[in-house]
Amino acid sequence: MPEAVNAFQLLLLTGCRLREIQRLKWEYVFLDEGVIRLPDSKNGARTVQLGESAVGLLKSIPMIAGNPYVITGRKDGGHLTDLEKPWRRIRKDAGLENVRIHDLRHSFASDALELGEDLIMIGKLLGHRDLKSTARYAHLKKEPIQRAVKGIDLKISSALAATKLQL
């Protein structure tokens, strides 16, 4: 089902909530500006910035006459309502039995953090009101933690060596 694949890719590329992508209407999409303007997300209206891949994906999705939704459903004029069934198939094929659709949003936040974005920026990208919400999404991968420890270790050990303080 290409609609489901498009939905999952948009979730990965935007960090949006499932409902925001399922109910995304073409009138909210401004490809020339590279944004989606959601009039009513969980925390009110918000603008979602789009990267080139997301813009390219949206350009590839055909608009269906008489249907305002980007991710169309089986009913005329409706949006795709059930993504769990295709998600179960994808998870099974990928060997990722315990991964939820919402984990795509977590991955977006983790990747942003790994690339050096701070929690304030990630919160803005995800449309969070407070930092506590964002902190739950920012799961660090092992490599950036190791890089951070090595950098801190090098800085401190260099300072110790300069002062000739022995451990």
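All heavy atoms count here, side chains included; hydrogens, waters and symmetry mates do not.
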What's the separation between atom CZ in R91 and atom CZ in R89, rounded to the nearest 0.5 Å? 12.0 Å

State, with a plain yes or no, whether a side-chain heavy atom of T81 is found less than 4.5 Å away from one of H79. yes

If hydrophobic clusters are built by linking Ile, Leu, Val, Met, Phe, Trp and Tyr wherever their side-chain heavy atoms come under 4.5 Å apart, do L10 and M63 end up in the same one? yes

For R100, look at atom CZ and say whether over 12 heavy atoms of other residues, nucleotides or ligands are found less than 6.0 Å away. yes

For the backbone of H106 and the side chain of D103, can you confirm whether one donor and one acceptor N or O come within less than 3.5 Å of each other? no

Taking Y28's backbone N and O only, do any of them form a donor-acceptor pair with R37's side chain (distance below 3.5 Å, no angle check)? no

Is the shortest heavy-atom distance from the side chain of L83 to the side chain of F8 under 4.5 Å? yes

So do R88 and E84 actually touch side chain to side chain, heavy atoms under 4.5 Å? yes

Indicate if Y69 and L18 have the same hydrophobic cluster label, given that clusters are the connected sets of ILVMFWY residues with side-chain heavy-atom separations under 4.5 angstrom. no

How many angstroms lie between CG in L125 and CD in E117, if you round to the nearest 0.5 Å? 7.0 Å

Side chain to side chain contact (heavy atoms under 4.5 Å, CB included) between F108 and L11, worked out: CA-CA 9 Å; F108 182 89; L11 289 166; over 6 Å; no

Evaluate the side-chain proximity of W26 to N67: yes if any heavy-atom separation is below 4.5 Å, no if none is. no

Does L113 form a side chain to side chain contact (heavy atoms under 4.5 Å, CB included) with S110? I'd like the steps, not just the answer. CA-CA 5 Å; L113 190 62; S110 292; 5.7 Å; no

With hydrophobic residues grouped by side-chain heavy-atom distances under 4.5 Å, do V55 and L13 end up in a single group? yes

Exercise: identify the closest heavy-atom pair between R46 and L126: NH1-C, 3.5 Å

Nearest 0.5 angstrom please: Q49 CD to K124 NZ, how far? 11.5 Å

Rounded to the nearest 0.5 Å, how far does OG1 of T14 lie from CG of L104? 9.5 Å

Could you report the tightest heavy-atom contact between P68 and G77, atom names first, then the distance? CD-O, 3.9 Å

Run the salt-bridge test on K150 and D153 with the 4.0 Å N-O cut-off and return the result as yes or no. no

Between P2 and V5, is any pair of side-chain heavy atoms under 4.5 Å apart? no

Over 12 foreign heavy atoms within 6.0 Å of CD, E27: yes

Report yes if some heavy atom in the side chain of Q22 is under 4.5 Å from a heavy atom in the side chain of I71; otherwise report no. no

To the nearest 0.5 Å, tell me how far I64 CD1 sits from T72 OG1. 5.0 Å

Joint cluster assignment, V35 & I122, ILVMFWY side-chain distance < 4.5 Å: no

Establish whether L38 and L31 are linked, either directly or via other cluster members, by ILVMFWY side-chain heavy-atom contacts under 4.5 Å. yes

Should we say atom CD1 of I120 is surrounded by more than 12 heavy atoms from elsewhere, each under 6.0 Å from it? no

Nearest heavy-atom approach of L57 to S60 is O-OG, 2.7 Å

